[in-house]
Each structure stands twice: as C-alpha cells, then as structure tokens.
Amino acid sequence: MHGPILILGACGQIGTELTLALRERFGNNRVIASDIREGSELLMSSGPFELLDATQYEAMEKMAVKYNIEEAYLMAAMLSAKAEKFPDRAWHLNINSLFNLLNLARVKKVKKIFWPSSIAVFGPKTPKDCTPQTTIMDPTTVYGISKQTGERWCSYYFEKHGVDIRSLRYPGLISWRTPPGGGTTDYAIDIFHNAIRGKEYTCFLKEDTKLPMMYMDDAIRATISIMECDPHKIRERSSYNIAAMSFTPTELAQTIEGHIPDFKIKYKPDFRQAIADSWPNSIDDSMAREDWGWQYHYDLKKTTEEMLVNLRS
Ligand code: SER
C-alpha cells in the first residue's frame, strides 16, 4: 500500500487537480492537502486538509511527522508575471519553500519529493526551437531565476545528500477546474472563459507569440509517472523538459472559432510580452520519453474540445 502523501499548495491551479488525481489513485485519506487558505468545495470535501505555510519549516516537519508522510509535492509558487511585481516575496516563497522540502527529505522525514520547474528557466540566448534538455539558460524573470536556482539545488541535494527529488519543467498549463494566477501563459485559459460567454477577448500577448503548452491532464499524468518511475531510470535530477503542443494566440483563436464561429480576439500586448519573448517556442522532451516513457495525449484540437465541454458544464 502507498504511504501517506502531502501536497503543499494544494489549492492552486495544479495542486487542486493533482490532489484529486492522487486521491482517486491511492484513496482519499492517504492524500493530505495543505495550503495557506482553503480551496474548492471538491478539494475540501474529498479528504484531509491542513492550513500550512510552505515557507515555515517547523510546521512542515510537524505535518510530515503527524501523518507519517512518505512523499511530498510542492505546488506553492508565485508565477512569472506576478513575481515581476513582487520580486522579494516571489524569491522568498519560491526558494524557501523548496529549501524546506529538500531539508525535510535530507533528514528523511519524507522519502521522495516532487518540485515543478518551468520553461521559464530558459532565456533570450537559449535556442528557441526544440529547446534541448541541456542548453544555455539565461532567465530574465524573477520567477525564471528562482526556478533555475531551484534546479541546481535539486541536483545538489541528490548528489550530496541522496535526496530522491523528481522534477519537470512544465510548459504553460491549460485547465478549467481552478483558475491560474499571475502567469504569462494564462491567456490560453482566459480566452476560453471569454469565448464561452460570447465575449471578445483582448489578448495581452502578440498574435504570433508561440509558446509551449500542455493540457492539465497530461501534466498530472507526467507528474505521477515520474514519481512512480524506478529511481535508476531517472538520469536527470535537476528537471526534465516535457512537451505536448506549441501554438500562437492566433492559432488558438482559430481553433476556438471552429466551435464558436463568431468568437473575436484583439491584441493589446503588455509587459508580459517581453517575458513570453524570452521563452522557447517549442521543447525537445526526448530524454523524458527515453527515461520514463513520457508521451502526451492532448494536442491543440483535443485540448480545445475538452476546455469548451468542461467549462460549459
Ligand atoms: N505558466 C507559467 C507562467 O506563465 C510558466 O511556468 O508563469
């Protein structure tokens, strides 16, 4: 039987779906959700919840001991666009929560940990198309710097302390259940909410800005699958590139128009354009495919269908 699992930042966009997926897989009571505030009705009613601030080491350690936690997932973070407005808070949250998790695993209070990285680790000098696993990384955002630094610490704790850390560089994640907050790729979610309400959407990125994206179900499957992988197969202990689709706002709008013919979009780029311009167009995820059999299921067409059906109901 699987030991108890702790999710930190369980009420956010990824945390909510991950908690629900793990509860379905391992049983509701084996997955402890935690966050600094309560989450959705479904999340709160489907299993245990604890108020917990991931920047507080003692509280985290207490929780791990209380539930005899076997593995922990850290999903609390401040995303790219918001982090540019609150650099100190973003650095504090993104880095200290990771240190706490790594230290918890170092003293063997948890056996295995997951921490998400991002395509934001890349920057203007990184090759833009089919960005390799190992390449130039010159992030220009506070968020990207925190993720790149975090990757180095993950690798360090694995090498020096034998910490069983697993990590993925998520692309922009598209989902309907819980809204995202403060990301640069969030346009690809906002657009659906406007489209189903029959509203014109004003996009904060330029029409031809191509970014790597993924449907949430694929991201959750990737996360569970790297956590279940035999440790000897994991050659990369910083973080793995993973990919599904890449598209521009125009391509997404056209796909939505296939379902909602009078949908209209206009473009009014803001400060998030510079962030998007510094990120890759597409990602080479061959190492994840080779090491633990990664394969996406949702392309742009399927993602659009799923988003429209689920948001409408
Ligand atoms: N989706 C995130 C963001 O836009 C990137 O990891 O900030």
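For ligands, and for the atoms within them, numbers begin at 1 and follow the listed sequence.
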### Message
Can you report which non-hydrogen protein atom sits closest to atom 7 (O) of ligand 1, along with the distance?
### Response
Ser80 OG, 2.6 Å

### Task
Return the minimal non-hydrogen interatomic distance between Leu8 and Leu101, and the atom names on each side.
CD1-CD1, 4.1 Å

### Message
Determine whether a donor-acceptor pair (N or O, by modelled atom type, separation under 3.5 Å) exists between the side chain of Asn241 and the backbone of Met287.
### Response
no

### Task
Let me see the working for Arg221 and Asp218 under salt bridge (Lys or Arg N to Asp or Glu O under 4.0 Å), right down to the final yes or no.
CA-CA 5 Å; Arg221 210 166 38 76; Asp218 272 341; 2.8 Å; yes

#### Entry: Contacting atoms of ligand 1, where contact means under 4.0 angstrom from a heavy atom of Thr184
3 (C), 4 (O), 7 (O)

### Query
Quick one: does ligand 1 sit under 4.0 Å from the side chain of Trp279, the backbone, both or neither, non-hydrogen atoms only?
side chain

#### Entry: Shortest protein heavy-atom distance from atom 5 (C) of ligand 1, along with the residue and atom involved
Ser118 OG, 3.4 Å

### Query
Considering only protein heavy atoms, which is closest to atom 2 (C) of ligand 1, and at what distance to one decimal place?
Thr185 OG1, 4.0 Å

### Atoms in ligand 1 flagged as close to Leu79, the criterion being non-hydrogen separation under 4.0 Å
7 (O)

### Query
Can you name the residues that form a side chain to side chain donor-acceptor pair (under 3.5 Å) with Tyr143, not counting sequence neighbours?
none

### Task
Please work out whether the ring planes of Trp292 and Trp294 are parallel, tilted or perpendicular, with thresholds of 30° and 60°.
tilted

